[in-house]
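Quantities reported herein were computed from a predicted structural model and do not represent experimental measurements.
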Amino acid sequence: MRPRGSNPLALGVLGVLAMTFAVVVVVAGLVGGEETQAPAGPETGPVATRSAEPAPDGKTEITPPTFEPPQKLNLGWLGDSKVALAAQGSMAVDLRYMQRTDTAARLKRNPLYGTGQMSSTACRAPRPSVQPRDMLGYLNAVTGCLDRAWAGKFSQAGAVFLPPRRVYWSRPGRGPCGTYPASGAAAYYCPSNRGMYIGLTHLIQQTDRVDPAENHVPYLSVLAHEYGHHVQSMAGIGGAWWWEVSSKSKAAQDAHSRRSELQAQCLAGVFARAVRAPLGVTAARWEAVLRMEYSRGDDQNGLGLRDHGNGDHYAGWLQQGWKYARIGYCNTWAVAASQVS
């Protein structure tokens with residue numbers, strides 16, 4: 001997600017993250033060589049998960065709406081482009097590169113949508129706690145599982161995949177997308193350097209102070225959501241949606257922002273379903289997450305903005321990914337506006 005009020009435009013950059021201040025960080029998932037420069041991206045500020053508002057009363061049952069899957073997944077005709085060849089397995093292409101005329105195809109007919117269900121993924125992670133060292137071990141372990149799961153999907157799509165950089169910090173600092181922690185945010189993704197920024201103690205403070213030793217799934221959900229933004233970036237979706245609305249009204253930008261955020265929610269649900277057995281994502285723990293995500297909706301948090309989706313949809317698209325575990329059913333760009341309001 002993006003913190004409120006950030007300017008949503010970023011260009012990819014070359015090089016690795018430079019840290020010029022004293023900060024305890026862990027940077028992992030680096031790849032060799034120079035980083036590929038992407039043609040466009042949706043952020044200059046971070047794509048961040050906002051602070052959770054107090055959950056509804058314990059007696060209130062949250063039942064998010066169900067969004068039915070498409071009757072037939074239609075990837076459309078991509079012609080003789082490199083993307084078409086990639087979808088046929090002829091070559092691996094970097095989906096971040098595109099012409100402006102390709103943006104609709106990246107959003108609505110992305111090769112990633114045709115990769116089917118995400119299979120159960122082997123994943124082992126230590127139990128987290130309020131101690132930074134324990135939270136660090138948990139985040140690193142689950143991020144490794146995310147790396148493997150999504151690399152497999154990109155390979156199926158014939159597309160290039162680079163893992164995100166991990167910056168799991170103990171002290172505030174600054175990166176290419178600005179300072180962290182971002183205002184009102186528990187975690188954020190920075191497309192400028194493919195960086196996931198998460199505060200080891202700040203995350204707990206901003207997640208209703210849920211004891212991670214009792215229920216780690218809210219932290220799994222936050223991590224998988226930010227990773228979902230990385231998936232969008234590598235798939236060209238992040239750059240495509242901003243290109244489509246960068247010169248349009250704030251209302252049009254907010255509408256596309258909602259589709260982006262709700263898709264990241266759905267992608268998080270896909271992964272959570274894939275690791276539900278090894279990571280102990282029980283029904284009760286998942287219900288608690290849905291309640292928390294509902295409280296983060298635009299109509300629930302009292303901020304008066306409409307760039308992330310209402311509570312029903314913010315919880316509902318997470319549940320959509322969990323229910324079907326198929327990336328194609330996370331195509332928020334092809335559904336009616338009423339389903340991403």
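- Scanning all heavy atoms of the two residues, the minimum distance from His216 to Pro128 falls at CB-CG, 3.7 Å.
- Between Leu112 atom CG and Gln232 atom CD the span is 10.5 Å, to the nearest 0.5 Å.
- Using a 4.5 Å heavy-atom threshold, the side chains of Ile237 and Ser260 count as separate.
- The backbone N or O of Leu107 lies less than 3.5 Å from a partner atom in the side chain of Tyr113, making a donor-acceptor pair.
- In this structure, Trp241 and His256 have tilted ring planes: the angle between them lies in the 30° to 60° band.
- A donor-acceptor pair under 3.5 Å links the side-chain atoms of Arg106 to the main chain of Leu95, judged by distance alone.
- Note: His313 NE2 to His308 NE2 = 15.5 Å, rounded to the nearest 0.5 Å.
- Under the 30°/60° scheme for interplanar angles, the aromatic rings of His230 and Phe161 are found to stand perpendicular.
- For the atom pair CH2 (Trp333) and NZ (Lys108), the distance works out to 10.0 Å, reported to the nearest 0.5 Å.
- Ion pairing between Glu293 and Arg296 holds under the 4.0 Å rule for side-chain N and carboxylate O.
- In this pair, Tyr188 and Tyr197 present their aromatic rings parallel. The plane angle is below 30°, not in the 30 to 60° band.
- Between the Trp317 side chain and the Glu261 main chain, no donor and acceptor come within less than 3.5 Å of each other.
- Counting only heavy atoms from C-beta outward, the side chains of Asn140 and Arg166 approach each other to under 4.5 Å.
- Here the straight-line distance linking atom OG of Ser221 with atom CE of Met292 works out to 9.0 Å at 0.5 Å rounding.
- Counting only heavy atoms from C-beta outward, the side chains of Val210 and Tyr219 approach each other to under 4.5 Å.
- No donor-acceptor pair closer than 3.5 Å links the side chain of Tyr189 to the backbone N or O of His225.
- Gln263 contributes a side-chain N or O that, together with a main-chain N or O of Cys330, makes up a donor-acceptor pair within less than 3.5 Å.
- Here the side chain of Asn193 pairs no donor or acceptor atom with the backbone of Arg165 at under 3.5 angstrom.
- For the pair Leu220/Tyr138, a side-chain contact is recorded, criterion being any heavy-atom separation below 4.5 Å from C-beta on.
- Here the closest non-hydrogen pair linking Leu279 and Arg285 is O-NH1, 4.5 Å.
- Residue Asp298 holds its CG atom at 9.0 Å from OG of Ser341, rounded to the nearest 0.5 Å.
- When side chains are defined from C-beta on, Leu223 does not count as touching Leu203, because their heavy atoms never get closer than 4.5 Å.
- Residues Trp150 and Pro163 have side chains not in contact (no heavy-atom distance under 4.5 Å, counting atoms from C-beta outward).
- Cys266 and Gln320 make their closest contact through SG-CG, 3.8 Å (heavy atoms, listed as atom of the first residue, atom of the second, distance).
- A donor-acceptor pair shorter than 3.5 Å can be found between the side chains of Glu244 and Thr103.
- In this structure, the side chains of Tyr227 and Pro164 come closer than 4.5 Å at one or more pairs of heavy atoms.
- Nearest heavy-atom pair across Val231 and Phe154 is O-CZ, 3.6 Å.
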Between Trp286 and Gln319, does the side-chain contact (heavy atoms from CB on, under 4.5 Å) criterion hold? Intermediate values first, please. CA-CA 9 Å; Trp286 188 247; Gln319 177 66 8; 2.9 Å; yes
side-chain contact (heavy atoms from CB on, under 4.5 Å) evaluation trace for Thr282 with Val217: CA-CA 9 Å; Thr282 64; Val217 182; over 6 Å; no
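- Relative orientation of the Tyr329 and Tyr324 rings is perpendicular, given thresholds of 30° and 60° on the angle between their planes.
- Under the 3.5 Å distance criterion, the side-chain polar atoms of Glu226 are left unmatched by any main-chain donor or acceptor of Met196.
- Of the possible polar contacts, none joining the Arg273 side chain to the Ala325 backbone as a donor-acceptor pair under 3.5 Å is found.
- Although no hydrogens or angles enter the test, the distance criterion places a donor-acceptor pair under 3.5 Å between the side chain of Lys153 and the main chain of Gln117.
- Scanning all heavy atoms of the two residues, the minimum distance from Val142 to Cys123 falls at CA-SG, 4.5 Å.
- Heavy atoms only, all atoms of each residue included: Ser233 and Pro191 are closest at OG-CB, 4.4 Å.
- Val130 has its side chain out of reach of Thr201: every pair of non-hydrogen atoms, C-beta onward, lies at least 4.5 Å apart.
- Here CD1 of Ile204 is found 7.0 Å from OG of Ser129. Values are rounded to the nearest 0.5 Å.
- Taking 4.0 Å as the cut-off between side-chain N and carboxylate O, Asp254 and Lys250 count as a salt-bridged pair.
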Could you go through Asp312 and Tyr294, starting from their C-alpha distance and side-chain angles, then the distance that decides it, and tell me whether this counts as side-chain contact (heavy atoms from CB on, under 4.5 Å)? CA-CA 6 Å; Asp312 282 342; Tyr294 174 86; 3.3 Å; yes
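- Of the possible donor and acceptor atoms, none in the side chain of Arg96 sits under 3.5 Å from a partner among the backbone N and O of Gly236.
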